[in-house]
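Have a look at the structure below before the remarks.
The figures that follow rest on heavy atoms only: side chains count, while hydrogens, waters and symmetry mates do not.
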Amino acid sequence: MRKYFIEFIGTFFLVLIVALTGNPIAIGFGLAALVYMGGYISGAQYNPAVTFAVWLSKKIDTKTALLYVCVQFIAAIVAAAVYHYVTSLFFIPQPGIAVPFGTALLLEVLFTFLLASVVLHTAVSEQTKGNDYYGLAIGSVVLVGAFAAGPISGGAFNPAVGVGPLLFDVTHLAQYGIQSVLYIVGPLLGAGIAAVVYKGK
């Protein structure tokens, strides 16, 4: 039970930091701290796409993976609710104005691939087990991705970050079809490719 609680805490604060700041440095360092906090307990995945990559790599069982994803989405919805309470606004992740869907999708795939690859090689691989740099590596990837792709794709790289807040605004959910597809398909595709590459190493 403890590992699910950690996944909730980590995902909750990650989404809340993203919503309140939108600042890549705050997001990257915040994630690094959260990864170090929960890494030894749950693996500090905080991201359904990362959980998908770890599951495909057979480093987590199906039941745990499904429960992680459920907890991650619940945490994201709660974080969106807190953001709404604090600001009276809805946090709606979305790509930049006039950015073509294909462009945004490509960046979500590429940077989620990079994120999942770094997780698999630094936090999951037996060859790097016990290292002290995995949290910094993971946080740095998200920091760089947020700077590089954030203004274009929205820089979610995480279905919980991209879709969880949309689920909180349930009365307008039908309006968010493009974002829902973008932030589910892009990250899952990127994570899936990362798992295939990792297994083929």
Is the shortest heavy-atom distance from the side chain of [X] to the side chain of [Y] under 4.5 Å?
{"X": "Val124", "Y": "Ser57", "answer": "no"}
{"X": "Thr11", "Y": "Val161", "answer": "no"}
{"X": "Pro165", "Y": "Ile92", "answer": "no"}
{"X": "Leu166", "Y": "Pro93", "answer": "yes"}
{"X": "Ile41", "Y": "Glu7", "answer": "no"}
{"X": "Leu31", "Y": "Phe13", "answer": "no"}

Tell me, please, which residues at least two apart from [X] pass side chain to side chain contact (heavy atoms under 4.5 Å, CB included).
{"X": "Ala137", "result": "Val118, Thr122"}
{"X": "Leu167", "result": "Phe73, Ile77, Val163, Leu173"}
{"X": "Val185", "result": "Leu105, Val181"}
{"X": "Ala19", "result": "Tyr83, Phe91"}

Worksheet item: Would a distance-only check, ignoring hydrogens and angles, find a side-chain to backbone donor-acceptor pair under 3.5 Å from Thr128 to His121?
Response: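 Between the backbone of His121 and the side chain of Thr128 there is a qualifying donor-acceptor contact (under 3.5 Å).
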
[X], [Y]: one ILVMFWY side-chain cluster at the under-4.5 Å cut-off?
{"X": "Val142", "Y": "Ile9", "result": "yes"}
{"X": "Leu89", "Y": "Val15", "result": "yes"}
{"X": "Leu114", "Y": "Val144", "result": "no"}
{"X": "Tyr133", "Y": "Leu115", "result": "no"}
{"X": "Val170", "Y": "Ile178", "result": "no"}

Next on the checklist: Could you work out, with ring-ring contact (aromatic ring centres under 6.0 Å, His included) as the rule, every residue matching Tyr134, not counting sequence neighbours?
Outcome noted: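 Scan of Tyr134 (ring-ring contact (aromatic ring centres under 6.0 Å, His included), adjacent residues dropped) gives Tyr36.
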
(Q) Filter on side-chain hydrogen bond (donor to acceptor under 3.5 Å, both in side chains), then keep only pairs touching residues 96-116, sequence neighbours left out; what's left? (A)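 Pairs touching residues 96-116 that pass the test: Glu108-Ser153.
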
Quick note, ring pair (Phe, Tyr, Trp, His ring centres under 6.0 Å) partners involving residues 43-72, not counting sequence neighbours, are Tyr4-Tyr68

Contacts satisfying ring pair (Phe, Tyr, Trp, His ring centres under 6.0 Å) that involve residues 147-190 (not counting sequence neighbours) are His84-Phe168, Phe90-Phe168, Phe111-Phe157

Looking only at heavy atoms, which two atoms of [X] and [Y] are closest? And how far apart?
{"X": "Pro159", "Y": "Pro187", "answer": "CD-CB, 3.7 Å"}
{"X": "Ala53", "Y": "Ala191", "answer": "CB-O, 3.6 Å"}
{"X": "Leu16", "Y": "Ala79", "answer": "CD1-O, 3.8 Å"}
{"X": "Leu120", "Y": "Ala194", "answer": "CD1-O, 3.8 Å"}

Those residues that, when tested against [X], pass side-chain hydrogen bond (donor to acceptor under 3.5 Å, both in side chains) (two or more places apart):
{"X": "Ser117", "answer": "none"}
{"X": "Asp61", "answer": "Thr64"}
{"X": "Gln45", "answer": "Thr51"}

[atom2] on [Y] to [atom1] on [X], rounded to 0.5 Å:
{"X": "Met37", "Y": "Ser42", "atom1": "CE", "atom2": "OG", "result": "7.5 Å"}
{"X": "Gln179", "Y": "Phe101", "atom1": "CD", "atom2": "CZ", "result": "10.0 Å"}
{"X": "Ile138", "Y": "Leu143", "atom1": "CD1", "atom2": "CG", "result": "13.5 Å"}
{"X": "Leu188", "Y": "Leu56", "atom1": "CG", "atom2": "CG", "result": "9.5 Å"}
{"X": "Leu110", "Y": "Leu107", "atom1": "CG", "atom2": "CG", "result": "6.5 Å"}

Would you be so kind as to tabulate the donor-acceptor pairs closer than 3.5 Å made by side chains of residues 21-30, with sequence neighbours excluded?
| residue | atom | partner | partner atom | Å |
| --- | --- | --- | --- | --- |
| Thr21 | OG1 | Ile17 | O | 2.8 |
| Thr21 | OG1 | Asn23 | N | 3.1 |
| Asn23 | OD1 | Ile25 | N | 2.8 |
| Asn23 | OD1 | Ala26 | N | 3.1 |

